[in-house]
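So the structure is just underneath, and the comments pick up after that.
Position 1 is the first residue of the sequence; numbering continues from there. These figures come from a predicted structure and were not determined experimentally. In listed order, ligands and their atoms are each counted from 1. In what follows, every heavy atom counts, from backbone to side chain, and hydrogens, waters and symmetry copies are set aside.
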Amino acid sequence: MESGQKSRAMFERAKRVMPRGVTSNFRYWGEDKTLVVKKAKGAYLWDQDDKRFIDYRLGFGPVILGHGNEKVLSRAKEALEIGNTFAMTSEYEISVAEKITKLAGVDLVRYANSGTEATMHAIRVARAFTGRNKVLKFEGCYHGFHDYTLWNCYPPIPGAGYRRSPVLVAHGSGIPHLIGQLVISVPYNDEDLLEKRVKENWGDIACIIVEPLMGNTASIMPKKGYLQFIRKLCDQYGIIMIMDEVKTGFRIAKGGAQEYFKVKADLVTYAKAMGNGFPVAAFCGKKEIMGEIGPLKIPHGGTYTGNAVSTAAADATLEEIASGALKKVDRHGQKLMEGIKKIIDRQGVPAIVHGPPSMFGIVFSDKEEITEYRDWAASDHDTYEKVIQKLHDKGVMPDFDSREPWFISSAHSDGDADVALQAFEEALKEVL
Ligand SMILES: Cc1ncc(COP(=O)(O)O)c(C=O)c1O
């Protein structure tokens with residue numbers, strides 16, 4: 001879709017003051033297509049030309065209760081009345097930490113302002129606790145914009161080499177190659193390769209950081225027992241297991257992936273759904289590890305961490321999640337997944353629709369299952385993008401990038417699903 005006149009004019013204005021006219025590279029969709037938003041409410045988003053979209057991007061996932069949820073807004077407004085940044089503990093922080101410990105079964109909580117910060121701090125804690133430096137991560141997993149993990153997130157294939165011994169590829173320039181010496185990368189869902197690399201390097205490995213499902217590669221699911229296998233290896237070799245729940249936390253279940261997959265990590269990171277779009281994040285975990293954070297021991301801080309408005313928003317969001325908001329999210333996602341699968345089958349297109357209903361992925365591929373980044377990389381992105389382009393024309397907005405799941409909120413209605421499914425069927429037919 002070509003953006004409309006007002007969006008275009010606003011984009012030109014943005015480009016004069018911001019590189020590519022955006023504040024995150026992921027938001028740049030090209031010169032003709034990049035939209036400028038005007039407002040969003042509930043399940044909908046409007047661009048500068050007042051074109052309305054059913055929003056299945058939800059700001060890359062956070063807006064679990066819908067845009068401008070009244071309960072969240074009113075709690076945030078209440079917080080504004082008392083001030084925002086104190087560099088002191090406030091009651092909202094305590095209340096949210098209590099809710100997180102209850103919902104997610106973690107012992108202790110520290111705040112951050114973004115998922116990037118949360119994983120950065122968690123890795124530091126793991127390094128400090130173990131006295132080791134290396135980080136093991138998986139191809140196709142993304143953990144934010146710090147240098148420690150911006151490796152083999154979306155490496156070019158074949159540039160990333162043979163899957164048994166992947167070449168480490170930085171996510172662009174400016175990431176010191178020396179830091180790459182502290183990173184080990186293996187394909188997801190391959191127990192043998194993982195065990196081999198751990199056995200070779202365990203004395204240097206501080207942590208294995210893993211997305212419990214590949215929320216940054218089309219919601220590829222872990223094979224049965226895979227996360228438990230990581231847990232076992234970590235126990236065996238004294239490695240800290242960090243589960244990066246920035247996308248899955250308080251979304252795929254009240255207790256996130258730990259509850260959904262029945263596995264307990266040592267440290268867990270949360271952001272997105274915990275604040276319904278307000279900038280708030282946390283890293284949490286076991287008392288024997290998190291309890292070591294403190295002056296002269298393990299550093300952590302941040303001027304804005306735990307600010308009143310963000311933690312108040314998180315307080316209200318987690319309250320809604322605790323009272324069952326995810327049931328509606330799952331129902332809508334299930335309806336969409338089943339509907340999309342039927343449409344795809346009717347059209348005879350080889351494709352896979354997988355993942356949890358609240359954040360499912362679609363991969364156009366004739367493989368029986370998609371289990372790692374390289375499977376996704378070999379899939380038909382071109383057709384996917386064309387379908388998405390048509391969907392945007394019809395006012396339905398999942399992300400262009402097929403790595404990005406379809407995110408569902410509790411504000412999406414049954415009627416929205418009907419509209420989205422009809423648009424999907426038309427879009428697919430038109431592209432085929
Ligand atoms: C799994 C995961 N970890 C970390 C991050 C980084 O979070 P943020 O964009 O809030 O820095 C993301 C962002 O999408 C993510 O999906």
Side-chain angles (χ1 to χ4, degrees), residues 22-28 56-64 104 110-124 126 135-154 171-172 175 183 185 188 207-222 227 230 241-252 256-258 260-261 265 267-284 302 304-307 310 313-314 317 355-356 358-361 373 376 398-407:
V22 291
T23 311
S24 158
N25 287 354
F26 298 130
R27 298 180 197 172
Y28 179 74
Y56 288 116
R57 295 174 70 244
L58 298 177
F60 291 136
V63 191
I64 187 87
R110 275 279 178 109
Y111 293 100
N113 302 297
S114 67
T116 296
E117 257 186 71
T119 60
M120 181 187 77
H121 287 304
I123 288 170
R124 175 167 309 118
V135 173
L136 191 148
K137 78 171 289 283
F138 298 89
E139 269 182 6
C141 281
Y142 169 69
H143 305 288
F145 262 110
H146 55 72
D147 295 341
Y148 302 152
T149 54
L150 268 182
W151 299 87
N152 286 14
C153 300
Y154 318 116
H171 190 67
I175 299 162
V183 179
S185 169
Y188 198 78
C207 59
I208 297 180
I209 185 164
V210 61
E211 280 189 80
L213 65 96
M214 297 185 78
N216 288 283
T217 304
S219 283
I220 293 172
M221 293 291 266
L227 297 173
I230 297 177
M241 179 176 181
I242 303 177
M243 201 121 100
D244 182 358
E245 291 229 48
V246 163
K247 274 191 169 163
T248 54
F250 311 112
R251 170 169 278 284
I252 65 170
Q258 293 199 106
Y260 193 94
F261 294 113
L267 297 175
V268 193
T269 51
Y270 298 109
K272 309 221 177 207
M274 83 178 260
N276 203 45
F278 280 79
V280 60
F283 61 103
C284 319
Y304 301 110
T305 50
N307 69 79
S310 293
T317 306
S358 60
M359 50 177 291
F360 63 88
Y373 169 76
W376 171 85
D399 203 84
F400 272 113
D401 188 337
S402 68
R403 286 171 307 193
E404 199 58 20
W406 288 47
F407 285 109

**Item:** Student check: side-chain heavy atoms of Phe360 and Ser219 closer than 4.5 Å
**Value:** no
**Prompt:** Quick one: does Glu139's side chain have a donor or acceptor within less than 3.5 Å of a partner on Ser185's backbone?
**Reply:** no
**Check: Tyr154 main-chain N/O paired with Arg403 side-chain donor or acceptor under 3.5 Å** = no
**Prompt:** So, Arg110 and Glu117, do they make that salt bridge, N to O below 4.0 Å?
**Reply:** no
**Prompt:** Do Phe145 and Phe26 make the cut of ring centroids closer than 6.0 angstrom?
**Reply:** yes
**Asked** Which protein residues have a heavy atom under 4.0 Å from ligand 1?
**Response** Ser114, Gly115, Thr116, Tyr142, His143, Gly144, Glu211, Asn216, Asp244, Val246, Lys247, Lys272
**Request:** Give, for atom OG1 of Thr217 and atom CG of Asp401, the distance between the pair rounded to the nearest 0.5 Å.
**Result:** 9.0 Å
